[in-house]
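Structure first, then comments.
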Amino acid sequence: MTQQPSYTMDFPYRFAGDGITVRTGYEDHIRDLIEQLLFTRQGSVWSGPR
């Protein structure tokens, strides 16, 4: 069984008042990933050669 990280970077990426990266819990990170997948318009992200 894979161990879950205790925290990950929050999305959208930003800095806290003390200048470090804002972190979030594992469940919130998974929710952020699902939202990115569901709300990205088809064709809006393309990483091929130009």
Side-chain angles (χ1 to χ4, degrees):
M1 182 174 210
T2 305
Q3 184 178 3
Q4 298 174 351
S6 59
Y7 64 86
T8 56
M9 290 184 287
D10 199 14
F11 180 82
Y13 185 79
R14 61 188 185 276
F15 295 100
D18 56 2
I20 62 172
T21 302
V22 175
R23 297 177 177 172
T24 188
Y26 183 75
E27 291 83 13
D28 189 43
H29 178 67
I30 297 299
R31 188 175 304 112
D32 291 341
L33 292 175
I34 292 170
E35 286 180 5
Q36 289 177 56
L37 177 69
L38 292 176
F39 297 117
T40 300
R41 292 184 314 174
Q42 185 177 2
S44 67
V45 177
W46 185 69
S47 59
R50 298 191 185 260

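We number each residue from 1, following the sequence as shown.
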Result block: side-chain N/O donor-acceptor pairs under 3.5 angstrom for residues 15-26, not counting sequence neighbours:
| unit_1 | atom_1 | unit_2 | atom_2 | d |
| --- | --- | --- | --- | --- |
| Asp18 | OD1 | Ile20 | N | 3.4 |
| Thr21 | OG1 | Tyr13 | OH | 3.1 |
| Arg23 | NH1 | Tyr7 | OH | 3.3 |
| Thr24 | OG1 | Asp28 | OD2 | 2.5 |

Approximate separation, where rounding is to 0.5 Å, of Thr40 OG1 and Leu38 CG: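 It is 8.5 Å, given to the nearest 0.5 Å.
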ILVMFWY cluster, Phe39 and Leu33 together (side-chain gap under 4.5 Å):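 Per the 4.5 Å side-chain linkage, Phe39 and Leu33 are co-clustered.
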Minimum heavy-atom distance between His29 and Met9, given as atom pair plus value: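 The answer is ND1-O, 3.6 Å.
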Expected output: side-chain Arg14 to main-chain Pro12 donor-acceptor under 3.5 Å: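 Indeed, once roles are kept as given, a pair shorter than 3.5 Å links the two residues.
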Test side chain to side chain contact (heavy atoms under 4.5 Å, CB included) applied to Asp32 and Leu37, Asp10, Thr8, the passing residue: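 Answer to the side chain to side chain contact (heavy atoms under 4.5 Å, CB included) test with Asp32 among Leu37, Asp10, Thr8: Asp10.
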